[in-house]
Structure formats: C-alpha cells, structure tokens
Amino acid sequence: MSGYDFKKIEKKWQDKWEQTGVFHAKQDFSLPKFYSLIEFPYPSGQGLHVGHPRPYTAIDIVARKKRLQGYNVLYPIGWDAFGLPTENYAIKNHIHPEIVTRDNIATFKKQIKSLGFSFDWSREINTTDPQYYKWTQWIFLKLFEKGLAYKKEMAVNWCTSCKCVLANEEVVNGVCERCASDVVRKVKSQWMLKITEYAQRLIDDLDGLNYIDRVKLQQKNWIGRSTGAEVDFTATTGDKITVYTTRPDTLFGATYMVISPEHSLVDKWKGIIKNMEEVKRYREESARKSDFERTELNKDKTGVMLEGIKAVNPVNDEEIPIFISDYVLISYGTGSIMAVPGHDERDWEFASKFDLPIIEVVKGGDVTKEAYTDCDTGTMVNSGFLNGLSVEQAKIKITEFLDERGKGRQKVNYKLRDWVFSRQRYWGEPIPIINCERCGYVALKPSDLPLVLPKVDNYEPTDTGESPLAKITQWVNTTCPKCGDPAKRETDTMPQWAGSSWYFLRYCDPFNDEALASEQALDYWMPVDWYNGGMEHTTLHLLYSRFWHKFLYDEGVVTTAEPYMKRTSQGMILGENGEKMSKSRGNVVNPDEIIDEFGADTMRLYEVFIGDFEKAAPWNSSSIKGCKRFLEKVWGLMDIAEKSSEYSKELESLVHMTIKKTTHDIDSLKGNTAISAMMTLVNKIYEMGAVNTQELKTLLILLNPFAPHITEEIWEKMSFGKAVTDQKWPSYIEELCVSDSVEIAVQVNGKIKARIVVPSDVGGDEAIAAAKQDEKVSTEIAGKNIIKEFYVKGRLINIVVK
RNA sequence: GCUGGUGUGGCGGAACUGGCAGACGCCCGGGACUUAAAAUCCCGUUCUGGCAACAGAGUACCGGUUCGAUUCCGGUCACCAGCACCA
C-alpha cells in the first residue's frame, strides 16, 4: 500500500465536499433537526491562530456525528465584521475599512476551509453587508418603537490629545493607548437600550436551560438582583435624597450620607455649598478615574464634605453630614448612599479616615476594630423600636415603618445597567433615526432600510467627539419622515454587539428580503440546540443576544423565549510558553504551517487531543507528532486487513467498548479520551496482527468526525461502497462491552496488599473468599479480628482488621 | 477589589456516583535496523532507597469527615477569565 499523502487526500475530499454540497442543511423540514453553532469569528488582520479551530473542531465533530445519526444538521458560519480594530487599522494604514474587512475575510475563509470543517458555506453571512444590517437596524427600530431605546447623558472616555472618544480597552492606566495623553470622562448624549426591563426574565429563564453551571452563575451574579429598600432622606434645603440599601435594618446607624460626585444635586446646590471650589476640584479628579478604579476596596478613601447642607435621617430626625466621594457610583442604585460605618466595610474605612461617629446597631462584632457585616447572627441594639430583633426581622419591620410614613419602600435592585448602544465611530451600523427640531427623534421608515453606511474617504474621528459621519453634511442633512421639515440624521453608529445579537436567526434563512428570516425556517431551526463559545462572552454577548431574542419573542418574531438550549465553553489555547497567544508576545502559532507539515486531519486530532476542552492548554509542537503517528497507523490498517481478518472475541469486545466510549465522549466534549480509546484499539489491532472488515469499517466511521479526509480515503481504497458521510453511526451491544474476568485490588485496612483476578460476574462473598486465599492477604489478617469487609463490584475489596 | 474558575509525573492530560492515581500521547533513557542519519520497531519511564524482590512517600498547602478522599467539608496560597465602548 502506498504512503499516506495527506496533501493530496485532503485537497481531493475538500473539493468533493464543496462540489456535492454534502454538508448543506437540507430544506426538508420533516426531518429531525440539529442546530449547532459556534461564535462567528471577527476577521482580524492577524488571520487565524491555532486557538480558533479548537471550538470549530469540537462542534464539527458533534455536527458530523449527528449527521451520521440521521439528523438534518445546520452548522453555519459567517463574519462578525464591524468593529474597532478594523477601523483603527484602516485609519493607521489609510485603507478603507471595507477593503480591510474584505481582505481579512478572504484570509480567514481560506484558512478555515483548509481544515475541512463541515460548515454550510451556502449560508455564509456578514454583519457589514447592508442586506444583513438592514435587519439589525430593523430590530433597533422595533426597540425604539417600544420605548426600549432612549437617549441619556453618559460619561465617555475622552483623549485630550487625539480629541476622540476611546473605548475602555484603549485606555491603559488612565492614559490613551496610542498617544499616552491624559484621558478624562466627558458627558455625551448616548443611545441606550433598556436591558434592565428584562433583568428578571433573564434570571428566571436560565432555569430551563442546559448551560454549564459557571455560565449560569456568572450571568446571575452579573444581573445581580438584590432585595432591599429605598429610603428617603431630606436635605436641609428641602430636597429629597433617596438611597437604595440592602440593609435598611441598620438605618439607626447611618451617621452620614455620600452622594456620587456627578450627582445632579451638587449642581443644584451650587450657590449653597460653602466649599464649592473644593467640591469642583474633587469632581474633576474623579472624572479622571474609571468606575473600576473608584470602587477598588483597598484603595484609600477620599471625599469632600458639602459644607452648609445636612441631611435628616427619617427614622430619628437626626442631622447628619453629606459627602461626595468617588466610591459611590452614579450608575448603581440611586447614585447616593446612607453610610453605616458600623456595618459596611467601605463606610467603616471612610468614617475612620474622616473621624465620623461609628455606631453599633447590630450586636456581635467589635465596631471599634472593624465593620461587622454578618446578617445571620446578632441582634439589633441602639435602634429604638428595632432593639432585640434579628437582622431579618428588623429589615421587615423598618421597611413597614418607612412605608407607612411614605419615607421608604421595599425595592428590588439589579446591578445590571442599561446597554450603552452609541459609538462615535465610522465602522458600524448607522442608527436609523432622524432628529427633527419639531418632532424630536423620528424613526426611519422600514421601507427606507437599509440605511447604508455612506462610502467616504475620510473616516477618521472628528475632534469634537462626534462620529465621523457627522462630517458628511449631505448625508446628515435630510428631511423629517414625519413632517417633512429639514432634519438631521443620527451620526452615531451601533456597537459591534448589535450584529452578533441575532445572527443565529439569519442563518435559518440568510437571503430573505421580506423578513429577518421566514416564520417556517425559524420555527423549524430554532432554538439553537448547542452553542459553544468563549467564557469571555458570558456576561455581554450572551446576555445581549438573550435580551434581543426575548424582545423578538414578545414581538412575535420568534417562537421561543430563549435562543440557545445548550451552552458550552472552550478553554484557550496558550502559546508554547504557557502564556496567552499574542503578536506582542511573539508566541502565535499559525495553523497554515501546521497543516502544511502535518495535514488538516492531524491538526484536527491534536486540537481535540490537546486536553480538557473546557480548560486552557498550552500548544506543544512536538506533541502533534503523536497524532500524526496514530493516523499513519490507521493508514497501515489496510495492510493488516489484507493479511489477516481472523476473528477474535477480545477484539470484538474492544470494538464495542470503543463505540460506547466514542459515542458518549463526543456528546460530552471529551474527544481527547475518545481519541485515546481509538488509539488503544488500533494498538491492539497491531498487537494481534488481524482485523476484519466490519471492525475496520466501524473504526473508520468512529474516527471520521475527527479525521474526515483520511477515513474517506481509506474507505474508498478498501472499496467499502458509498462514502462514510452516507453511512450510519454504529451502535454497541452492552454485553460485549465487558470482559470475562477482572482484576480486583485487595486492601487490608485501606492499604493495597494484593490484586486478584476473578470472573467479572463474581458475587461479593465469593470475591472476598478468593481474596482471603491470597498468600499475602492471609498473612496480613492472620490472628486478627475482622471488623468489616467491603466489596466494590469489579474494583476493590477492603478488609478492616484489628 | 468584586464575580466565576483552575491547581495531578519532566510535559499535555486520564480516573464512573467516595473505591487500584498516572489511561492515551509527548519528551527522555536503553536496544534493534542502517555505512550513517531520519523514519520505524522493541524495552523502560511518578519520586526516594534497592541489582532485584520489595519498602516508603505522593494529586498546590494545612486541617477535618470516612473502612477508604484527586473526588466531600473548613481554611490558606498561587494562577487564569470577566468587570459593562475589545471581540
């Protein structure tokens, strides 16, 4: 038999698959369906690195197996192509982002195709295609129509030198990534989406989903539901200051208040605050910090007391001072807090630093040394009518008390914040809104979609902080769709998250111009049966897309409340040095080189064999050899099959065990152990020097999802008939998966003393009797009292003696 | 800091629901083949001691529960991911 020429073989089968369209999802909606999905890639300029194919391969294996099991499988791919890196590259190199995107996609496509994935390329989509983003804009208009898109003043990062808005990622240690100049927070009016309206449903509906636990937990904690109370304090100016607290029970211990530096009351009190100069300076300082820096627990607490104004505690009418401090964020709760230094760590630190009174209201700790934050034990003290109650009882009683007097109420709060949807950038979907002086914000007519991103030569940021689109006056100036007066277009674009929030719907029916997808197609394909993606998308992309899907469900566009039934997550492939793969670290491995040297099948095998799918694993160029050797051995099976096809019970049994293991392991993403089982089988065949046709066929089908090219080639060379893709996934016979005898470990007092071989169906008493016959064991237990005997079927015996 | 996760030989990793730790593969050592090298094949390969039989230790660290713990519980340490305008 000739050698294993992977280059020839892989080209041959890839061409064949492309010609026959064997992996295209069938239009027959009567078949059982399986929708498998990977996160569509962002086509960056660096091309693919060996990390990309890991999830693609894992889910490709699942998809290929499902096809062999008779499912109509949809395994699509497309491009999430809007975004910042492309735009920055375009600006730097003076190449239009559209061209950069087109070229990057071409590279990615070629690389991905060379791995022989069973993607349905006939459904390829691209978020930057106007025929695609027409529907992204359409969804936005729906959200706008339902009042879920609104404008709000929000802080953005502003580079004082580049004079443009920066993404958080572009701010490194408080300075601009590119020019190292200072970055300040600047307030701009932004489009927002009310994801908070869906917070409760986003938590509740997790229960029915098959997501890995840590994804569910992360999402729940990100949404961050808490039940507490709102309490209304009154300032000496007469203004109401409402705070949110999860500890209303500690109200008697509130010795001061803190409002966030950007709180509107500070502006209102401009004329009354005596130390306004100091306050102004502090506000400027905190404008330079990110929320992340501001809330760091171990940082030094800073703040300024507002002189000339006090607040009145509604429960005891005591006057307490008001501070501004940057550890209170405008974006969470009401932007102001009541401070209870006795029972909150941050308040305790702040009070200690500013010499404010610390009152103990829950007994149990020592508030002179540290805040006592335990809620489960301890009783109320120094709290008037709450004295003697538990924390839980006090929470209820105080909330009732405040409610009766109109000074407070129970309140559920979420950490989740609304989605900032505006970007002052060029390379994104234009927001289809027109601002009319007479009518306000007016939606474009759906018939005017897509609102195409104007093609311009100059897509550089403006120095006013507006989107580059603002410079294109003939595009900006238009007429109001409502009243016909001259009006201006919105010039902000959407964030990259927009296009990826609904792409899985478009795959169901990618070329429909009447709807984002037909009802029948959505009804048949949705929900996605299995969605795999990175852990890093757990709280943003995954929540955003669930939110949009729920909205579309409410609108009657889709028929399932949830988009994804199952969610798994791959670990990263690290560089050979164990560090994250990146250009700057110089440890990027290019799949092209691997494929050239070892072939796509070896590459695929190694991507899976490298380790636990859910954990990070460092790439190792010498380990790949093992996978290549295995495939060479598989190739060599043709010779063995020709020489001898003698039947052996042992081999038959091993084949059935391998079917069982591979079948289950693919479903639980444990391809690494499936491959090791197949390696064991192949090693056994070599040892025996014989394999029959049925066994070889079975092995080839089992291996086909992992190494599709070589298995098809051997199948054809052996004249086994129609291609492997037309075969059926093998089933196993449970009785054949056990061998006749087993080795059992024998322990005396938990220490292994011997191993005995017994028939696998042996009973406990017999096994223990056999163990006692063993020379070593009998000397160990001689003359001692047997206290207890344990028998674990087929595994171990433990004799406890004294 | 907050939230979630991870920690097993020289390396990647395996181990059902608490039951033989180290499957499978890489590296490495020895041997065969070869003028030689590569490739291939055979043997060995957790550590310590021993020629060996064997003995002892061992799943980040400390402690607990149990006949029995990589697995369960409490604490400590280290590392990784995310933190809302990166995707």
Side-chain angles (χ1 to χ4, degrees), chain A residues 39 41-42 44 80 82-85 88 154 156-157 165-171 190 195 213-222 224 290-299 327 331 345-346 415-425 495-497 500 534-541 543-544 569 571-572 574 578 580 606 609-612 614-627 629-630 632 636 670 672-680 683 686 743-752 754-755 787-801:
Chain A
E39 286 169 344
Y42 175 70
S44 73
D80 186 15
F82 274 130
L84 196 62
N88 286 345
M154 288 292 294
V156 294
N157 302 308
V165 176
L166 299 182
N168 284 351
E169 197 194 46
E170 298 173 289
V171 183
Q190 308 266 33
I195 189 173
D213 289 341
R214 63 184 202 276
V215 169
K216 283 192 186 181
L217 246 182
Q218 280 276 59
Q219 290 212 345
K220 252 181 211 164
N221 290 342
W222 181 260
S290 67
D291 286 0
F292 175 55
E293 286 173 280
R294 284 170 51 162
T295 51
E296 242 181 326
L297 198 63
N298 63 349
K299 88 170 176 123
Y327 77 94
S331 49
E345 276 176 53
R346 284 164 306 182
K415 281 206 182 98
L416 183 71
R417 313 206 287 258
D418 277 340
W419 175 3
V420 186
F421 201 69
S422 289
R423 299 292 182 273
Q424 291 71 43
R425 288 284 181 160
Q496 185 169 32
W497 308 111
S500 61
M535 232 14 233
E536 68 275 20
H537 294 122
T538 303
T539 50
L540 298 180
H541 161 65
L543 272 181
Y544 290 153
S569 212
M572 239 189 293
L574 308 171
K580 195 171 167 168
Y606 182 60
F609 192 64
I610 193 166
D612 184 338
E614 294 196 340
K615 289 186 200 145
W619 187 261
N620 185 311
S621 36
S622 60
S623 284
I624 306 166
K625 279 184 224 161
C627 292
R629 283 177 193 153
F630 169 62
E632 301 264 12
K670 292 197 174 295
N672 53 335
T673 49
I675 292 170
S676 87
M678 288 186 272
M679 284 173 166
T680 306
N683 289 345
Y686 268 79
E743 194 187 66
I744 289 183
V746 184
Q747 299 181 330
V748 176
N749 286 344
K751 289 229 169 211
I752 290 171
R755 286 168 224 275
I787 295 174
K788 222 166 180 182
E789 293 165 338
F790 294 87
Y791 173 63
V792 183
K793 191 170 184 297
R795 295 193 176 271
L796 151 152
I797 289 165
N798 188 10
I799 302 171
V800 184
V801 296

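When reading the values below, keep in mind they use all heavy atoms of this one structure, side chains included, and skip hydrogens, waters and symmetry mates. Residue numbering restarts at 1 for every chain, and letters A, B, ... go by the order of the sequence lines.
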Testing the basics here: between Glu39(A) and Gly534(A), what is the closest heavy-atom pair and its distance to 0.1 Å?
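Glu39(A) and Gly534(A) have their closest heavy atoms at OE1-N, 3.1 Å.
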Exam field: side chain Asn157(A) to backbone Leu166(A), donor-acceptor pair closer than 3.5 Å:
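Such a contact is found between Asn157(A) side chain and Leu166(A) backbone.
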Using only atom types and a distance under 3.5 Å, with no angle test, would you say the side chain of Gln219(A) pairs donor to acceptor with the backbone of Thr538(A)?
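Side chain of Gln219(A) to backbone of Thr538(A): a pair is present.
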Where does the angle between the aromatic ring planes of Tyr544(A) and Trp419(A) fall among parallel (under 30°), tilted (30 to 60°) and perpendicular (over 60°)?
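Tyr544(A) and Trp419(A): parallel rings.
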What is the separation between atom [atom1] on [X] and atom [atom2] on [N], rounded to the nearest whole Å?
X         : N       : atom1 : atom2 : result
Ile752(A) : rA21(B) : CD1   : C1'   : 9 Å
Tyr606(A) : rC24(B) : OH    : C1'   : 13 Å
Ile675(A) : rA14(B) : CD1   : P     : 12 Å
Leu166(A) : rC85(B) : CG    : C1'   : 9 Å
Ile744(A) : rC20(B) : CD1   : C1'   : 11 Å
Lys751(A) : rA55(B) : NZ    : P     : 10 Å
Phe609(A) : rA23(B) : CZ    : P     : 12 Å
Lys615(A) : rG12(B) : NZ    : C1'   : 12 Å

Within the 4.0 Å heavy-atom criterion, would you say [X] contacts the bases, only the backbone, or no part of the nucleic acid?
X         : value
Val215(A) : nothing
Glu632(A) : nothing
Thr538(A) : nothing
Arg214(A) : sugar-phosphate
Lys415(A) : base
Gln424(A) : base
Leu416(A) : base
Glu743(A) : base
Leu84(A)  : sugar-phosphate

I want to check one thing: is the phosphate of rC24(B), taken as OP1 and OP2, less than 4.0 Å away from some side-chain N or O of Asn672(A)?
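No, Asn672(A) has no side-chain N/O under 4.0 Å of OP1/OP2 on rC24(B).
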I'd like to compare against my own output: the B/S/- annotation of nucleotides 59-82 of chain B with a strict under-4.0 Å heavy-atom distance to protein.
--------B-------------SS
Got a sec, which residues hit salt bridge (Lys or Arg N to Asp or Glu O under 4.0 Å) with [X], two or more places apart in sequence or on another chain?
X         : value
Glu743(A) : none
Glu536(A) : none
Arg425(A) : Glu87(A), Glu170(A)
Arg214(A) : Glu614(A)

Where does rG9(B) land, syn or anti, once you apply the within-90°-of-0 test for syn?
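It is syn.
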Partner set under ring pair (Phe, Tyr, Trp, His ring centres under 6.0 Å) for Tyr606(A), not counting sequence neighbours:
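So Tyr606(A) forms a ring pair (Phe, Tyr, Trp, His ring centres under 6.0 Å) with Trp619(A).
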Quick check on RNA chain B: between Asp418(A) and Tyr686(A), whose nearest nucleotide comes earlier from the 5' end?
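It is Tyr686(A), whose closest nucleotide lies nearer the 5' terminus.
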Considering only atom [atom1], compute the distance from [N] to [M] and round it to an integer number of Å.
N       : M       : atom1 : value
rU3(B)  : rG75(B) : P     : 14 Å
rU8(B)  : rG13(B) : C1'   : 9 Å
rA14(B) : rU59(B) : C1'   : 12 Å
rA32(B) : rG25(B) : C1'   : 23 Å
rA69(B) : rG19(B) : C1'   : 10 Å
rC54(B) : rG18(B) : P     : 33 Å
rC20(B) : rC73(B) : C1'   : 25 Å
rA57(B) : rU6(B)  : P     : 30 Å

Restricting to nitrogen or oxygen on both sides, can you table the protein-nucleotides 26-29 of chain B pairs closer than 3.5 Å?
| from | atom 1 | to | atom 2 | distance (Å) |
| --- | --- | --- | --- | --- |
| rC26(B) | OP1 | Arg629(A) | NH1 | 2.4 |
| rC26(B) | O2' | Ser622(A) | OG | 3.1 |
| rC27(B) | OP1 | Lys625(A) | NZ | 3.2 |

Among [options], which is the nearest nucleotide to the side chain of [X]?
X         : options                   : result
Pro618(A) : rG12(B), rC85(B), rA57(B) : rG12(B)
Trp419(A) : rG12(B), rC85(B), rG13(B) : rC85(B)
Leu217(A) : rC20(B), rG5(B), rC85(B)  : rG5(B)
Pro85(A)  : rG12(B), rC86(B), rA14(B) : rC86(B)

Output all residues satisfying side chain to side chain contact (heavy atoms under 4.5 Å, CB included) with [X], sequence neighbours left out; order by chain, then residue number.
X         : answer
Val748(A) : Lys753(A), Val777(A), Glu780(A), Ile781(A), Val801(A)
Leu217(A) : Asn221(A)
Lys580(A) : Met572(A), Arg585(A)
Asn683(A) : Lys633(A)

Side-chain donor/acceptor contact of Arg795(A) with base of rC16(B) under 3.5 Å:
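Checked by distance alone, the answer is yes.
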Step through the shown structure and confirm whether more than 12 heavy atoms of other residues, nucleotides or ligands are within 6.0 Å of NZ on Lys415(A).
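For Lys415(A), atom NZ is not crowded (no more than 12 foreign heavy atoms under 6.0 Å).
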Name all stems that contain residues of RNA chain B, defined as runs of 3 or more consecutive Watson-Crick or G-U wobble pairs, both distances under 3.5 Å.
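Only these stems qualify: B:1-7 with B:77-83, B:10-12 with B:24-26, B:28-32 with B:40-44, B:46-49 with B:54-57, B:60-64 with B:72-76.
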Set out, in order, the CA-CA distance, both residues' side-chain angles and the distance that settles side chain to side chain contact (heavy atoms under 4.5 Å, CB included) for Tyr791(A) and Leu796(A), then state yes or no.
CA-CA 6 Å; Tyr791(A) 173 63; Leu796(A) 151 152; over 6 Å; no
